[in-house]
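Here is the naming used below: chain letters follow the sequence lines, and residue numbers restart at 1 for every chain. What you see is a predicted model, and the numbers here were worked out from it, not measured in a lab.
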There are 2 protein chains.
Amino acid sequence: MRYSIKQVAAKTGLSAYTLRFYDKAGLLPFVARDASGYRAFTEGDLLLLKTICCLKDTGMAIADIRQYINLVMAGPKTAKQRATMLQQHRETVVAKQKALAENLHEIDYKLAIYAAPDAENLVAQEWAAASADKQANALSNPFHAR
Amino acid sequence: MRYSIKQVAAKTGLSAYTLRFYDKAGLLPFVARDASGYRAFTEGDLLLLKTICCLKDTGMAIADIRQYINLVMAGPKTAKQRATMLQQHRETVVAKQKALAENLHEIDYKLAIYAAPDAENLVAQEWAAASADKQANALSNPFHAR
DNA sequence: GCTTGCCTTAGAGTGTACTCTAAGGTTTAA
DNA sequence: TTAAACCTTAGAGTACACTCTAAGGCAAGC
């Protein structure tokens with residue numbers, strides 16, 4: 001089975017523009033051309049593209065993905081180098097998860113205030129504190145009474 | 001206690017450039033000026049800035065953060081609107097967490113292959129499959145023997 | 001044979017979020 | 001009083017990842 005660029009776009013959610021952009025950027029050196037010069041994706045190409053999307057969606061820069069793909073194209077002998085790259089990337093992803101969880105906790109804390117039955121009162125207290133803070137420092141106060 | 005832009009930069013990890021950029025973008029309407037026209041941050045301002053960073057770090061666009069700050073500046077009466085905004089944002093953050101966890105799983109799967117004692121053999125099998133895929137589709141094969 | 005709907009390329013344009021430069025004012029300390 | 005180290009602004013420049021336009025080739029159906 002061969003897939004046209006439009007079919008791959010539909011399958012992956014990437015636009016055809018983006019796929020061509022990735023090709024130009026050196027991310028798709030494995031994609032062959034048919035007799036008319038059209039890109040012809042195979043199932044195996046889709047697996048590699050899936051890996052590319054996985055790396056992209058976890059925040060890897062295109063230049064780094066290209067480096068990874070270059071290792072793939074260089075053959076099985078680069079397995080250990082790929083492991084090193086992925087291991088490093090894994091750590092940035094875990095760090096991202098940790099940061100995201102902490103920030104979510106912060107959002108939930110705020111939400112607990114805003115969703116409380118007496119939210120307006122609680123928020124008015126924050127407001128008063130910020131206002132007092134301005135006055136204590138003899139600064140103009142944007143939290144004027146309402 | 002008042003903080004200069006440089007002190008706030010050191011405290012938050014944002015650059016002074018970024019803080020000025022945020023101010024220009026309407027994210028810091030609460031920051032007052034001292035007699036010389038210098039920005040003077042209070043403790044209360046740092047709390048608000050922390051919220052801004054929390055929203056930014058979870059992927060909220062600056063235009064949306066400005067909208068949230070506008071609600072804050074409009075007073076306690078906007079508590080419910082803020083709750084709605086944060087609730088919606090919360091869902092995008094949870095979705096992000098889910099996607100990240102799935103992608104991490106994918107990375108771990110790859111790593112298991114690359115880190116195996118016989119990694120080169122396993123990778124050679126992938127390689128052979130991709131190569132066969134090209135041949136079965138009568139396409140030029142970038143996975144030539146090595 | 002002509003229209004429609006694909007595909008190709010090079011290269012220009014867009015959006016977002018910074019990041020920096022230039023010109024100049026303020027504060028502190030020698 | 002002058003140098004160093006801050007601060008200010010407007011606006012230009014950068015980095016990144018797309019996103020689109022223009023000009024044109026290929027393939028199928030009427």
Side-chain angles (χ1 to χ4, degrees), chain A residues 1-29 31-42 45 49 52-69 89 92 96 99 103 137-140, chain B residues 1-29 31-42 45 49 52-69 89 92 96 99 103 137-140:
Chain A
M1 188 61 187
R2 291 180 183 182
Y3 300 95
S4 71
I5 196 166
K6 202 182 183 188
Q7 287 173 315
V8 174
K11 264 181 176 293
T12 60
L14 300 171
S15 74
Y17 294 143
T18 300
L19 286 166
R20 290 195 195 98
F21 169 74
Y22 283 178
D23 198 1
K24 268 194 243 186
L27 263 49
L28 311 178
V31 176
R33 301 302 179 110
D34 69 13
S36 304
Y38 293 4
R39 289 174 187 83
F41 291 75
T42 62
D45 294 347
L49 188 51
I52 289 170
C53 287
C54 173
L55 296 175
K56 186 206 71 165
D57 291 343
T58 49
M60 188 183 282
I62 284 185
D64 292 337
I65 300 177
R66 178 171 51 229
Q67 210 185 312
Y68 175 81
I69 291 296
H89 183 58
T92 75
K96 239 183 255 280
N103 282 320
N137 286 287
L139 295 168
S140 74
Chain B
M1 186 62 187
R2 291 179 183 184
Y3 300 95
S4 72
I5 196 166
K6 202 185 184 187
Q7 288 173 313
V8 175
K11 264 181 177 291
T12 59
L14 300 172
S15 74
Y17 294 143
T18 300
L19 286 167
R20 290 196 196 94
F21 169 74
Y22 283 179
D23 199 2
K24 268 194 244 187
L27 264 49
L28 312 179
V31 176
R33 300 303 180 109
D34 69 13
S36 304
Y38 293 5
R39 289 174 188 84
F41 291 76
T42 62
D45 293 348
L49 188 50
I52 289 170
C53 286
C54 173
L55 296 176
K56 186 206 72 166
D57 290 344
T58 48
M60 190 183 281
I62 284 184
D64 293 337
I65 300 177
R66 178 172 51 229
Q67 210 185 313
Y68 175 80
I69 292 295
H89 183 58
T92 76
K96 241 183 252 279
N103 283 319
N137 285 287
L139 295 168
S140 74

Item to check | Reported CD1-to-NE2 distance for the pair Ile65(B) and His89(B), which is rounded to 0.5 angstrom | outcome: 7.5 Å
Checklist entry - Taking only residues two or more places apart in sequence, or in another chain, which ones meet Arg33(B) in a salt bridge (charged side-chain N to carboxylate O under 4.0 Å, His left out)? => result Asp23(B)
Checklist outcome for this item: For Ala16(B), the side-chain contact (heavy atoms from CB on, under 4.5 Å) test, sequence neighbours excluded, returns Ile5(B), Arg20(B)
Item to check | d(CG, Leu28(B); C1', dT9(D)) in whole Å | outcome: 16 Å
Item to check | Asp57(A) CG to dC16(D) P, straight-line distance once rounded to whole Å | outcome: 19 Å
Next on the checklist: With a cut-off of less than 4.0 Å, is there a side-chain N or O of Arg39(A) near OP1 or OP2 of dT8(C)?
Outcome noted: yes
Item to check | Contact list for residues 55-67 of chain B, test salt bridge (Lys or Arg N to Asp or Glu O under 4.0 Å), sequence neighbours left out | outcome: none
Checklist entry - Does a side-chain N or O from Arg33(B) land closer than 4.0 Å to OP1 or OP2 of dT9(D), or not? => result yes
Checklist entry - Would you say the side chain of Arg2(B) lies within less than 4.5 Å of the side chain of Leu139(A), judging by non-hydrogen atoms? => result yes
Item to check | DNA chain D contacts among residues 1-8 of chain B, heavy-atom distance under 4.0 Å | outcome: Ser4(B), Ile5(B), Lys6(B)
Next on the checklist: Within residues 15-23 of chain B, which residues have any heavy atom lying less than 4.0 Å from an atom of DNA chain C?
Outcome noted: Tyr17(B), Thr18(B), Phe21(B), Tyr22(B)
Next on the checklist: Using the side-chain hydrogen bond (donor to acceptor under 3.5 Å, both in side chains) criterion, which residues pair with Thr42(B)? Sequence neighbours excluded.
Outcome noted: Asp133(A), Asp45(B)
Distance-only donor-acceptor hits, side chain of residues 6-15 of chain B, under 3.5 Å, sequence neighbours excluded:
unit_1: Gln7(B); atom_1: OE1; unit_2: Ser4(B); atom_2: N; d: 2.8
unit_1: Thr12(B); atom_1: OG1; unit_2: Val8(B); atom_2: O; d: 2.8
unit_1: Thr12(B); atom_1: OG1; unit_2: Leu14(B); atom_2: N; d: 3.1
unit_1: Ser15(B); atom_1: OG; unit_2: Tyr17(B); atom_2: N; d: 3.4
unit_1: Ser15(B); atom_1: OG; unit_2: Thr18(B); atom_2: N; d: 3.0
unit_1: Ser15(B); atom_1: OG; unit_2: Thr18(B); atom_2: OG1; d: 2.9

Checklist entry - For residues 59-66 of chain A, which residues have at least one heavy atom under 4.0 Å from DNA chain D? => result Ala61(A), Ile62(A)
Checklist entry - Does some side-chain heavy atom of Leu49(A) sit less than 4.5 Å from a side-chain heavy atom of Val31(A)? => result no
Next on the checklist: Given 3.5 Å as the limit, does a donor-acceptor pair link the side chain of Asn103(A) with the main chain of Leu55(B), or not?
Outcome noted: no
Could you list all N or O pairs between the protein and nucleotides 10-12 of chain D that sit under 3.5 Å apart?
unit_1: dG11(D); atom_1: N7; unit_2: Lys24(B); atom_2: NZ; d: 3.2
unit_1: dG11(D); atom_1: O6; unit_2: Lys24(B); atom_2: NZ; d: 3.1

Checklist entry - Once you round it to whole Å, what is the distance between C1' of dC18(C) and NZ of Lys56(B)? => result 10 Å
Show each protein N/O and nucleotides 23-26 of chain C N/O combination with a separation under 3.5 Å, one pair to a line.
unit_1: dG25(C); atom_1: N2; unit_2: Tyr38(B); atom_2: OH; d: 2.5
unit_1: dT26(C); atom_1: O4'; unit_2: Tyr38(B); atom_2: OH; d: 3.0
unit_1: dT26(C); atom_1: O3'; unit_2: Ser36(B); atom_2: OG; d: 2.8

Item to check | Partners meeting side-chain hydrogen bond (donor to acceptor under 3.5 Å, both in side chains) with Tyr3(A) (sequence neighbours left out) | outcome: Glu43(A)
Item to check | Contacts of type side-chain contact (heavy atoms from CB on, under 4.5 Å), residue Phe21(B), not counting sequence neighbours | outcome: Ile62(B)
